[in-house]
There are 2 protein chains.
Amino acid sequence: MPQTQILSRNQKIVLDIIEKAKGPLKAYSILFNVQKKGINAPQQIYRALDKLIEMGKIHKIESKNAFVACRSSDCEISKATAFSICESCEMVDEISDAKLSKYLSGFNYRKGMKFKRFNLEFFGICKKCKKD
Amino acid sequence: MPQTQILSRNQKIVLDIIEKAKGPLKAYSILFNVQKKGINAPQQIYRALDKLIEMGKIHKIESKNAFVACRSSDCEISKATAFSICESCEMVDEISDAKLSKYLSGFNYRKGMKFKRFNLEFFGICKKCKKD
DNA sequence: TAACAAACGTTATATTATAACACTATGATA
DNA sequence: TATCATAGTGTTATAATATAACGTTTGTTA
Ligand SMILES: [Zn+2]
Ligand SMILES: [Zn+2]
Ligand SMILES: [Zn+2]
Ligand SMILES: [Zn+2]
């Protein structure tokens, strides 16, 4: 298992644009932004996104169908993700909190199964939006 | 604020089919199943779904774009939802755990905002699927 | 009854995501 | 070297999910 993943051309292009973005990006907005680089079809975007998610380089914000770069080192390959989402400006922050992560990773629902993975999305109004 | 919400005709039809389902239902599968009752267009389904979600009668499973009936009395108007999802058979269970709910409702991210709502999705393989 | 809000029905369209197929590059292996 | 497998690419087409916009109907309330 290689420490540093080698990215393909398209994967690099897609990761690059997501990393540079200030907020979550939608697949088709990525597509429109990379057409000058010779990527023409949704498939090319979705394939890159899938691999980047597998590698833990990006995450999908399920409630928004959008993608953000991983800013956290302790979210090992996307097995434990948590986000803070502003319902006004759409800002998304990855939450990196060891206690929270530990609490949820260890959570066992009595009548249920053993969990392999979780995704948590918090919603509210961010400080910046509250000032308005 | 009325204790018992009065549902419209379409809302009743949609809620009824979701409540009777064994697993999460997709909007278009709901649509196909109610066409005999005179509902013909996606809009009618989505409008009912939106209202039912507002009322806390159903929840959306974001990672699946599907809908389940609320089985929990203490998830007050969908402000605090948690689910257990089998990655093999697609089964979804609403998690009703007071400690978990309290812990997350009280969670405050130091550099962030005050949260009004959260949604948590756990993934794994359910007991039934593990036997195979 | 007049006014308003909520729900309804309908047509059209936007947005998000996948299927399918042929092709290319790479590296392992026999 | 020939061959095989794996991963990535490019392309066309289509499926699946969701919303816009408009006018009508229904139910509540003043
Ligand atoms: Zn991360
Ligand atoms: Zn904001
Ligand atoms: Zn519930
Ligand atoms: Zn299962």
Side-chain angles (χ1 to χ4, degrees), chain A residues 1-2 4-18 21 23-68 85 87 90 92 119 121, chain B residues 1-2 4-18 21 23-68 77 87 90 92 119 121:
Chain A
M1 203 183 284
T4 307
Q5 298 264 11
I6 288 158
L7 300 180
S8 76
R9 181 188 130 81
N10 287 1
Q11 287 160 13
K12 263 183 228 143
I13 292 172
V14 170
L15 179 56
D16 188 58
I17 190 170
I18 295 176
L25 289 184
K26 303 232 168 196
Y28 275 75
S29 115
I30 295 169
L31 175 57
F32 298 140
N33 278 286
V34 298
Q35 289 192 318
K36 49 200 160 201
K37 300 205 174 167
I39 296 183
N40 306 299
Q43 267 291 8
Q44 296 172 281
I45 303 297
Y46 282 105
R47 282 199 287 232
L49 290 172
D50 287 348
K51 290 297 176 184
L52 292 168
I53 289 170
E54 264 183 31
M55 295 173 195
K57 301 276 189 192
I58 65 171
H59 303 298
K60 180 172 187 182
I61 308 301
E62 295 288 357
S63 60
K64 302 175 78 65
N65 299 315
F67 305 85
V68 296
I85 301 169
E87 287 175 311
E90 316 272 280
V92 170
N119 179 56
E121 300 183 2
Chain B
M1 202 183 282
T4 306
Q5 296 263 12
I6 288 159
L7 300 179
S8 76
R9 181 188 129 83
N10 287 2
Q11 287 159 14
K12 263 182 229 143
I13 292 171
V14 170
L15 178 57
D16 188 59
I17 191 171
I18 295 176
L25 289 184
K26 304 233 168 194
Y28 275 74
S29 115
I30 295 170
L31 176 56
F32 297 141
N33 278 286
V34 298
Q35 290 191 320
K36 47 199 158 199
K37 301 206 175 168
I39 296 183
N40 306 298
Q43 267 290 7
Q44 298 173 280
I45 302 297
Y46 282 105
R47 282 200 286 233
L49 290 172
D50 287 348
K51 290 298 176 183
L52 291 169
I53 289 170
E54 264 183 32
M55 295 175 197
K57 299 278 188 192
I58 65 171
H59 303 298
K60 180 172 187 181
I61 307 301
E62 294 288 357
S63 60
K64 303 175 79 64
N65 298 316
F67 304 85
V68 295
I77 317 295
E87 286 175 312
E90 315 272 280
V92 170
N119 179 55
E121 299 183 2

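Proteins get letters first, then strands, A, B, ... in listed order; numbering begins at 1 in each.
Counting heavy atoms from C-beta outward, V34(A) and N10(A) have side chains that stay 4.5 Å or more apart. Two residues are said to be in side-chain contact when any heavy atoms from C-beta on lie closer than 4.5 Å; K60(A) and N65(A) meet this criterion. Between I13(B) and R9(B), some side-chain heavy-atom pair lies under the 4.5 Å cut-off. Counting heavy atoms from C-beta outward, K64(A) and V92(A) have side chains that approach closer than 4.5 Å.
Nearest to the side chain of A41(B), among dA17(C), dT10(C), dT9(D), sits dT10(C). Closest to the side chain of R47(A), from the set dA17(C), dA18(D), dT9(D), is dT9(D). Out of dA17(C), dA18(D), dG10(D), the shortest distance to the side chain of Q44(A) is found at dG10(D). Of the candidates dA20(C), dT17(D), dT10(C), the closest approach to any side-chain atom of K26(B) belongs to dT17(D). Of the candidates dA18(D), dG10(D), dG9(C), dA18(D) carries the atom nearest the A27(B) side chain, counting heavy atoms from C-beta on.
Spacing between atom CE of M55(B) and atom C1' of dA6(C) amounts to 10 Å, rounded to whole angstrom units. When the P atom of dT11(D) is taken as reference, atom CD1 of I39(A) falls 11 Å away, rounded to whole Å. Following rounding to the nearest Å, L49(A) (CG) and dT18(C) (C1') show an atom-to-atom distance of 13 Å. L7(B) places its CG atom 15 Å from the C1' atom of dG27(D), with the value rounded to the nearest Å. In this structure, CD of Q35(A) is placed 11 Å from P of dT11(D), rounded to the nearest angstrom. Straight-line distance from the CG atom of N10(A) to the P atom of dT11(D): 11 Å, rounded to whole Å. Between the CD atom of E62(A) and the C1' atom of dT16(C) there is a distance of 12 Å, rounded to whole Å. The CZ-P distance, from R9(B) to dT26(D), rounds to 12 Å in whole Å.
A distance-only check finds a donor-acceptor pair linking the side chain of E121(A) to the backbone of E62(A) [under 3.5 Å].
Tested against I39(B) for a side chain to side chain contact (heavy atoms under 4.5 Å, CB included), the candidates N33(B), I45(B), I30(B) yield a single pass: I45(B).
K60(A) comes within 4.0 angstrom of sugar-phosphate atoms only, judged by non-hydrogen atoms across all strands, and of no base.
A donor-acceptor contact under 3.5 Å links the side chain of Q43(B) to the base of dA20(D). You'll find a donor-acceptor pair under 3.5 Å spanning the side chain of Y28(B) and the base of dA18(D), going by distance alone.
Note on K51(A): a side-chain N or O is less than 4.0 Å away from OP1 or OP2 of dG8(D). At dT9(D), one or more side-chain N or O atoms of S8(A) fall inside 4.0 Å of OP1 or OP2 (strictly under the cut-off). Between dT17(D) and N65(A), no contact under 4.0 Å exists linking OP1 or OP2 to a side-chain N or O. Between N40(A) and dT11(D) there is a side-chain polar atom (N or O) within less than 4.0 angstrom of OP1 or OP2.
Residue order along DNA chain C, read from the 5' end via each residue's closest nucleotide, puts A48(B) first among P42(A) and A48(B).
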